[in-house]
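What follows is a set of notes on a single structure, which appears directly below.
Proteins get letters first, then strands, A, B, ... in listed order; numbering begins at 1 in each.
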Amino acid sequence: MRDILPPESALWNRVDQAARDVFGTFGFAEIRLPIFEQTELFARSVGQETDIVSKEMYSFVDNAVPQLGFLANIITEWPDPLKDDEQFEAYQRYVKDFVSGLERAMAADELSKSPANKNALQNLKDRFETLSGTSLRVEQSKELAKNCVSAIYLAIRVAELGDYLTLRPEATASVVRAYIEHGMQVQPGNVKLYYMGPMFRRERPQKGRYRQFYQIGAEVLGPSDAPGIDAEIIEMLLAFFDRVKLKGAALSINSIGCKQCRPAYIEKLRAELEKVREQLGADSQRRIETNPLRVLDSKLEHEQAIIEKLPRIAENLCAECRAHYEEVKRQLGLRGIAYQENWRLVRGLDYYMRTTFEITATGLGSQNAVCGGGRYDGLVELLGGQATTKGIGFAIGTDRLVLSLQEQGAGETPGGLDVYLAWFGAAAQTAAIGLARRLRDAGFVVELPAAEMKFGKSLGLADRLKARHAVILGDNELAAGVVAVKRLSDGSQQKLAEAELFSYLRAERNP
RNA sequence: GUGAGCGUAGCUCAGCUGGUAGAGCAUCGGUCUGUGGCACCGAGGGUCGCGGGUUCAAACCCCGUCGCUCACCCCA
């Protein structure tokens with residue numbers, strides 16, 4: 001958990017504003033999305049077997065009956081129910097409370113009497129009975145108790161205690177959901193949307209990575225999958241990085257094929273990996289089964305030579321994918337965009353296909369990817385929309401971008417205080433309040449002391465607040481109908497009428 | 001999920017073999033009631049992350065726990 005404080009927050013705002021400005025010129029408009037969604041949405045879109053869904057989501061039950069949800073959490077999150085008799089008994093009490101709570105809630109119609117709930121209740125009752133008859137002291141009932149506990153977990157998951165919700169781990173799924181829900185396919189051409197805000201993943205924080213992190217992203221959804229769209233969204237991305245003055249941004253691209261050609265490639269890859277299995281590390285060996293593409297991502301030194309000899313997807317694309325990829329590259333060329341082809345660039349999310357890309361920045365160590373994206377033509381259909389709707393998008397990791405900018409020395413922003421309005425005496429305060437309002441109306445940043453201070457104190461505060469000017473308003477100035485304005489950098493001071501003060505300050509602002 | 005390191009004032013840190021909690025910076029006030037940065041003097045600010053244990057006595061030793069940082073895994 002982390003706070004973003006001034007003056008650092010100013011840099012964050014600059015980054016957000018740059019995105020709004022640049023994306024706006026490409027015809028993108030902002031979509032504001034909810035922070036949490038139905039768990040189901042992410043499970044389906046991101047992919048059940050990905051790390052995000054299998055272990056990194058913050059999910060919770062939005063209970064119909066809060067007490068039941070509380071108990072369900074205790075029971076299913078119980079660290080080790082079979083550790084000792086004391087824990088075992090406590091665990092049984094919780095299960096008992098849960099069963100009776102479930103019965104009561106169903107009787108009172110607080111919980112639906114759906115078949116799932118009835119089954120769960122019956123199952124829980126049976127299991128609880130068996131569990132009550134076991135003891136941890138006897139080895140064979142230990143095994144029995146273990147099975148009962150698994151069954152209890154399952155029954156609780158089956159019970160419909162309320163909505164399953166998840167703090168969003170990414171936003172593409174939400175954008176697609178909104179696109180379908182609001183019938184945006186009737187809009188002319190492709191729909192171009194951008195978003196920014198916090199995302200959540202459950203993991204151990206480290207440099208540039210947080211459990212609540214921020215992304216700025218954009219998506220193009222609609223009937224066309226023209227390679228020019230891929231190239232333009234990349235062009236926009238680079239324009240953005242240019243605007244925030246990120247140095248050393250490097251673009252990598254790849255194509256990972258489609259439903260037609262990728263499965264065949266994966267089998268080919270798997271077969272080749274089997275031949276060299278013994279030479280690979282434990283992680284890569286495991287991935288031969290789970291996700292062979294990820295082996296290509298390995299950064300282990302001794303695997304590099306092996307990986308270099310593996311079959312490459314670019315040489316195994318179907319005709320359509322090959323043509324699409326070639327045209328993306330040509331379109332990038334038309335825009336004068338330099339890129340690096342990286343045949344090992346694969347994505348961690350299931351929904352990507354064809355074009356994938358990544359931007360890396362300097363100063364981030366091994367976490368050097370600052371933006372990732374790609375095409376996901378099947379996702380809209382997967383989530384229940386029109387099969388003909390195509391999609392492509394990217395997400396910028398704002399935390400890393402800001403970190404990288406700071407390391408490049410963009411952190412310091414000059415203090416914005418134009419005027420410290422030092423007033424002395426009750427009559428001067430009245431005048432100062434009016435003057436402060438007119439200065440602020442004109443766009444100047446003004447600090448107006450809330451209570452009278454001694455002269456030296458007041459100017460001292462103006463100095464420490466890093467004000468550019470002190471405007472002095474006391475009895476003398478009031479009588480003469482002027483103010484004294486002092487430039488704090490060199491101490492020069494002059495008396496001006498109000499109209500002159502405004503033009504003076506304007507000139508000071510734009511030298 | 002795994003491994004390592006660190007938690008003492010707002011910040012950076014000191015605090016020896018256990019014996020009443022310290023410094024610098026910052027803040028506030030004074031010297032200084034019409035002119036800032038300096039100097040000097042003074043003040044406020046701490047459940048030593050939290051809980052338990054050992055001890056006559058714990059910031060210090062032991063156990064647990066929470067938090068932060070870094071790395072692994074993975075990704076943005």
**Asked** Of the nucleotides B:rC68, B:rG34, B:rU35, which one has an atom closest to the side chain of A:L459?
**Response** B:rU35

**Prompt:** Hey, which of these two, A:G397 or A:A484, hits RNA chain B nearer its 5' end, going by closest nucleotide?
**Reply:** A:A484

**Nucleotide B:rC68, atom P - distance to CG of A:D3 in whole Å** = 11 Å

**Prompt:** In the strands shown, is B:rG18 matched to any nucleotide by a Watson-Crick or G-U wobble pair with both distances under 3.5 Å, and which?
**Reply:** none

**Fill in**
Of A:Y214 and A:S492, the one whose nearest nucleotide on RNA chain B sits closer to the 5' end is A:S492

**Asked** Checking A:S458 side chain against A:F455 main chain: does a donor-acceptor pair fall under 3.5 Å?
**Response** no

**Complementary nucleotide of B:rG24, counting Watson-Crick and G-U pairs under 3.5 Å** = B:rC11

**Request:** Take atom C1' in B:rG46 and the same atom in B:rC41, then report the distance between them in whole Å.
**Result:** 24 Å

**Asked** Roughly how many Å is it from CE in A:M453 to C1' in B:rG30, rounded to a whole number?
**Response** 14 Å

**Asked** With side chains defined as the heavy atoms from C-beta onward, is the minimum distance between A:L296 and A:I313 less than 4.5 Å?
**Response** no

**Watson-Crick or G-U counterpart of B:rU54, or none if no pair lies under 3.5 Å** = none

**Residues A:D225, A:R354: salt bridge by 4.0 Å N-O rule** = yes

**Asked** What distance, rounded to whole Å, do you find between the two C1' atoms, one in B:rG18 and one in B:rU12?
**Response** 26 Å

**Prompt:** Given side chains that start at C-beta, do those of A:F213 and A:R400 come closer than 4.5 Å, heavy atoms only?
**Reply:** no

**Request:** May I ask you to say what A:R168 touches in the nucleic acid, namely base, sugar-phosphate or nothing, with a heavy-atom cut-off under 4.0 Å?
**Result:** nothing

**Message:** Between C1' on B:rU35 and CG on A:L421, what's the gap in Å once rounded to a whole number?
**Reply:** 15 Å

**Item:** side-chain N/O A:R464 vs B:rU27 OP1/OP2, d < 4.0 Å
**Value:** yes

**Prompt:** Reckon A:K457 touches a base, only the sugar-phosphate, or nothing at all at heavy-atom distances under 4.0 Å?
**Reply:** sugar-phosphate

**Asked** Using atom P of each nucleotide, how far apart are B:rU69 and B:rC11 to the nearest Å?
**Response** 14 Å

**Item:** Residue from A:D463, A:D490, A:D418 passing salt bridge (charged side-chain N to carboxylate O under 4.0 Å, His left out) with A:R468
**Value:** A:D418

**Request:** Choose from B:rC68, B:rG34, B:rG30 the nucleotide whose nearest atom is closest to any side-chain atom of A:F455.
**Result:** B:rG34

**Whole-Å distance separating the CG atom of A:N476 from the C1' atom of B:rU35** = 12 Å

**Asked** Is there a side-chain contact between A:E272 and A:K309, using heavy atoms and a 4.5 Å cut-off?
**Response** no

**Asked** Taking the C1' atom of each, how far is B:rG3 from B:rU55, in whole Å?
**Response** 34 Å

**Request:** With the side chain of A:K486 defined as its heavy atoms from C-beta on, choose the nearest nucleotide among B:rU35, B:rA76, B:rG34.
**Result:** B:rU35

**Prompt:** Side-chain contact, heavy-atom cut-off 4.5 Å: A:V380 with A:I180?
**Reply:** yes

**Request:** Assign A:R201 to base, sugar-phosphate, or nothing according to its heavy-atom contacts below 4.0 angstrom with the strands shown.
**Result:** base

**Item:** Nucleotide paired to B:rC32 in any strand shown, Watson-Crick or G-U, under 3.5 Å
**Value:** none

**Complete:** From CG of A:L417 across to P of B:rG36 the rounded distance in Å is 18 Å

**Request:** To the nearest Å, give me how far apart CZ (A:F240) and P (B:rA76) are.
**Result:** 17 Å

**Request:** Using both distances under 3.5 Å as the test, list the Watson-Crick or G-U wobble partner of B:rG44, or none.
**Result:** none

**Message:** I'd like the C1' distance from B:rA59 over to B:rC48, given in whole Å.
**Reply:** 5 Å

**Asked** Expressed in angstrom and rounded to an integer, what is the separation of A:K454 atom NZ from B:rG36 atom C1'?
**Response** 15 Å

So which protein N/O to nucleotides 37-41 of chain B N/O distances come out below 3.5 Å?
unit_1: B:rG37; atom_1: O4'; unit_2: A:D463; atom_2: OD2; d: 2.9

**Request:** Take the protein atom CZ of A:F424 and the nucleotide atom C1' of B:rG36, then report the distance between them rounded to whole Å.
**Result:** 11 Å

**Asked** Base, sugar-phosphate alone, or nothing: which one does A:I472 contact when heavy atoms must sit under 4.0 Å apart?
**Response** base

**Proximal nucleotide (of B:rG34, B:rC68, B:rA76) relative to the A:E477 side chain** = B:rG34

**Message:** Taking any heavy-atom pair under 4.0 Å as a contact, classify A:Q493: base, sugar-phosphate, or nothing.
**Reply:** base

**Prompt:** Do any side-chain nitrogens or oxygens of A:K466 fall under 4.0 Å of OP1 or OP2 in B:rG36?
**Reply:** no

**Prompt:** Got a salt bridge between A:E452 and A:K457, using NZ or NE/NH1/NH2 to carboxylate O under 4.0 Å?
**Reply:** no

**Asked** Who does B:rG37 pair with, Watson-Crick or G-U, both distances under 3.5 Å?
**Response** none

**Message:** Between B:rG67 and B:rG29, how far apart are the two P atoms, rounded to whole Å?
**Reply:** 39 Å

**Message:** Against A:N190, only a single residue in A:L221, A:V220, A:T389, A:I392 fulfils side chain to side chain contact (heavy atoms under 4.5 Å, CB included); can you say which?
**Reply:** A:V220

**Request:** Measure from NZ or CZ of A:K329 to the centre of the six-membered ring of A:Y325, then state whether that distance is under 6.0 Å and the direction lies within 45° of the axis.
**Result:** yes

**Asked** Does A:F213 lie flat on the base of B:rA76, that is, centres under 5.5 Å apart and planes under 30° off?
**Response** yes

**Fill in**
Re B:rC68: Watson-Crick or G-U wobble partner, both distances kept under 3.5 Å, found to be B:rG5

**Request:** Pick the C1' atom in B:rG37 and in B:rA43, then give their distance to the nearest Å.
**Result:** 23 Å

**Distance-only donor-acceptor check, side chains A:Y58 and A:Q212, under 3.5 Å** = no

**Prompt:** With a 3.5 Å cut-off and just heavy-atom distances, do the side chain of A:D475 and the base of B:rG34 make a donor-acceptor pair?
**Reply:** no

**Message:** B:rC68, OP1 or OP2 - any side-chain N/O from A:R211 closer than 4.0 Å?
**Reply:** yes

**Asked** Which value, in whole Å, describes the distance between the C1' atoms of nucleotides B:rU35 and B:rA14?
**Response** 41 Å

